[in-house]
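As structure tokens, the structure follows; a few thoughts come after it.
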Amino acid sequence: MAARYAGAGWARAKRALEAAFSGLGRSRIDRVVKVGHGLSNEVYAAHVELVPDPEGRSGAYAASVPARGSVPRTRASWQREGALLERVAARTRAIRVPTLTAIVPVEGADVAVRSYLEGVPLDLRAGRQPGVAPWEVVARVAAAVHAVDVGDIPGLGGHATRRAHALSEIAVFDGLSELREVEQWALEHLPEEAPSTLVHGDLLGQNILLHWEQPYAVIDWEVATRGDPAYDMAIVTRGSARPFQVDHGLTRLLDAYAAQGRPRIEAPAVHLYELCLVGRWYREALEGDGGAEPPDQILRRLENLLRRARAASAGRVQG
């Protein structure tokens, strides 16, 4: 039976937890359960009890194991994320972030063991969680992330300016003549050469955890980088005509973000990255690497999004 499940995700996670606390006394690992997944990892959590435990390390921990078929993250990648999270935790109390406990090899891959943060994933659909306005939560979290000084965070890549970030994303349209109008609009609405900020890169609901007593928790920082704060908004709104399933969802999000004291982000800036995102889906569909949505359907979505972007840039309120 043990051999049969030797490669199962929960089994690899348990071995990682055991290795992370070896040498610290006798450890007892409670039942390991899957609690989520990131871009390339499955996340399992368990309560760890150490005996003796003079430093009070007993508690809930999570192990991120490579998903089957994915390319495992390198130790250097986990170390960079750990250093980033350490800096974020030191510079803001508005959000909670995991703490990297150990990086251990399991079945030839490096597995990260981190503190497990309690919370309920944010539902981005309005009305699904009583008393929660999802655009308000996203705005507060994004504002906290973007306010973190990234000047001396080691190993953090990305772009020095917002414009450099935009130009790198617009490159997705290269060679696609049917998207020439989309590319032209984007080039005509480039952001200014303002310094970039820290961006999380994946502020979807499953990565924002609500807690009844503690600040919001933000997890899965794998793609965090320096860039344009408008990018984080576009990853959430994703080109939808009604973000959060409410009228004027994008406007609500940007108003709530500005209310946090951050420089205002205008709708066209978000639409630029939405166009690039949907453009990437279109290219992937053409190459046979996309999901179930056919290229012609994605192309129609791009055309509709371009109309909304043009309306927003002309001063007609959309979204």
Side-chain angles (χ1 to χ4, degrees), residues 38-40 124 138 142 146 157-194 196-197 199-207 220 222-245 249-251 253-254 265-314 316-319:
L39 295 176
S40 58
L124 292 177
V138 172
H146 300 162
H159 308 279
T161 67
R162 294 177 57 196
R163 177 165 291 196
H165 188 179
L167 286 170
S168 72
E169 295 293 327
I170 291 172
V172 74
F173 302 123
D174 289 351
L176 297 175
S177 58
E178 65 272 33
L179 300 186
R180 189 167 296 131
E181 287 188 39
V182 178
E183 181 181 23
Q184 187 61 39
W185 184 91
L187 289 171
E188 291 172 354
H189 293 83
L190 289 172
E192 59 188 12
E193 287 280 7
S196 59
T197 69
V199 294
H200 179 276
D202 197 21
L203 284 180
L204 297 178
Q206 67 264 27
N207 294 328
D220 196 3
E222 181 176 351
V223 295
T225 186
R226 290 181 175 90
D228 188 341
Y231 179 83
D232 268 341
M233 307 303 186
I235 291 297
V236 175
T237 56
R238 305 179 80 78
S240 171
R242 297 181 75 243
F244 310 106
Q245 296 186 358
L250 176 57
T251 300
L253 172 62
L254 300 183
I265 297 173
E266 301 296 343
V270 179
H271 289 317
L272 184 151
Y273 291 104
E274 289 179 324
L275 288 166
C276 295
L277 177 64
V278 181
R280 182 170 296 108
W281 297 341
Y282 177 70
R283 181 180 287 277
E284 291 171 352
L286 288 176
E287 297 172 351
D289 296 330
E293 198 171 3
D296 59 336
Q297 190 169 325
I298 301 176
L299 187 58
R300 287 195 296 271
R301 184 188 299 188
L302 267 170
E303 292 168 350
N304 292 333
L305 177 54
L306 179 59
R307 281 195 290 270
R308 295 200 302 275
R310 284 171 168 164
S313 60
R316 302 192 297 275
V317 177
Q318 298 282 308

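Here, residue 1 is the first one in the sequence, and each next residue gets the next number. These figures come from a predicted structure and were not determined experimentally.
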Item to check | Rounded distance (nearest 0.5 Å) linking atom CZ of F173 with atom CD of E178 | outcome: 11.0 Å
Checklist outcome for this item: Rounded to the nearest 0.5 angstrom, the CE-CG distance for M233 and L253 is 5.0 Å
Next on the checklist: Any side-chain to backbone donor/acceptor pair from R308 onto G239? Under 3.5 Å, distance only.
Outcome noted: yes
Checklist entry - Do V199 and H146 touch side chain to side chain, with heavy atoms closer than 4.5 Å? => result yes
Item to check | Derivation of the side chain to side chain contact (heavy atoms under 4.5 Å, CB included) call for L250 and H271 | outcome: CA-CA 10 Å; L250 176 57; H271 289 317; 3.7 Å; yes
Next on the checklist: Looking at T225 and G157, would you say the former's side chain and the latter's main chain have a donor-acceptor pair under 3.5 Å?
Outcome noted: yes
Item to check | Rounded distance (nearest 0.5 Å) linking atom SG of C276 with atom CD of E183 | outcome: 9.5 Å
Next on the checklist: Other residues, nucleotides and ligands only: do more than 12 of their heavy atoms fall within 6.0 Å of CD on E181?
Outcome noted: no
Item to check | Expected output: side-chain T161 to main-chain E193 donor-acceptor under 3.5 Å | outcome: no
Checklist entry - Between the main-chain N or O of D220 and the side-chain N or O of N207, is there a donor-acceptor pair closer than 3.5 Å? => result no
Next on the checklist: For V278 and V182: C-alpha separation, side-chain torsions, deciding distance, then whether side chain to side chain contact (heavy atoms under 4.5 Å, CB included) applies.
Outcome noted: CA-CA 11 Å; V278 181; V182 178; over 6 Å; no
Next on the checklist: Less than 4.5 Å apart, side chain to side chain, heavy atoms only: is that true for Y231 and V270?
Outcome noted: no
Next on the checklist: Distance check, rounded to the nearest 0.5 Å: L176 atom CG versus Y282 atom OH?
Outcome noted: 6.5 Å
Checklist outcome for this item: For A164 and H159 the tightest heavy-atom approach is O-ND1, 3.8 Å
Checklist entry - Short question: side chain of H200, backbone of A224 - any donor-acceptor pair under 3.5 Å? => result no
Checklist entry - Shortest non-hydrogen contact from G205 to L124? => result N-CD1, 3.7 Å
Item to check | Sub-4.5 Å side-chain heavy-atom contact between H189 and S313 | outcome: yes
Item to check | Heavy-atom side-chain contact between P243 and V236 under 4.5 Å | outcome: no
Checklist entry - Taking I235 as the fixed residue, which of V138, L203, D202 is the one that meets the side-chain contact (heavy atoms from CB on, under 4.5 Å) rule? => result D202
Checklist entry - E169 versus R280: any side-chain heavy-atom pair under 4.5 Å? => result yes
Checklist entry - For the residue pair L277 and A234, what are the closest heavy atoms and their distance? => result CD2-O, 4.2 Å
Checklist entry - Which atom names give the shortest non-hydrogen contact between A166 and P191, and what distance separates them? => result CB-CD, 3.5 Å
Next on the checklist: Do E266 and L254 have side chains that approach each other closer than 4.5 Å (heavy atoms only, starting at C-beta)?
Outcome noted: no
Next on the checklist: Measuring only between side-chain heavy atoms, which start at C-beta, is R163 closer than 4.5 Å to D228?
Outcome noted: no
Checklist entry - When you measure from the side chain of S240 to the backbone N and O of T237, does any donor-acceptor pair fall under 3.5 Å? => result no
Checklist entry - With a 4.5 Å limit on heavy-atom distance, are the side chains of R301 and W281 in contact? => result yes
Next on the checklist: Checking H165 against S196 for the side-chain hydrogen bond (donor to acceptor under 3.5 Å, both in side chains) test, could you report, in this order, the C-alpha distance in whole Å, the side-chain angles of both residues, the deciding distance, and whether it holds?
Outcome noted: CA-CA 8 Å; H165 188 179; S196 59; over 6 Å; no
Checklist outcome for this item: Rounded to the nearest 0.5 angstrom, the CG-CG distance for L272 and L190 is 6.5 Å
Checklist entry - R283 side chain to D174 main-chain N or O, any donor-acceptor pair under 3.5 Å? => result yes
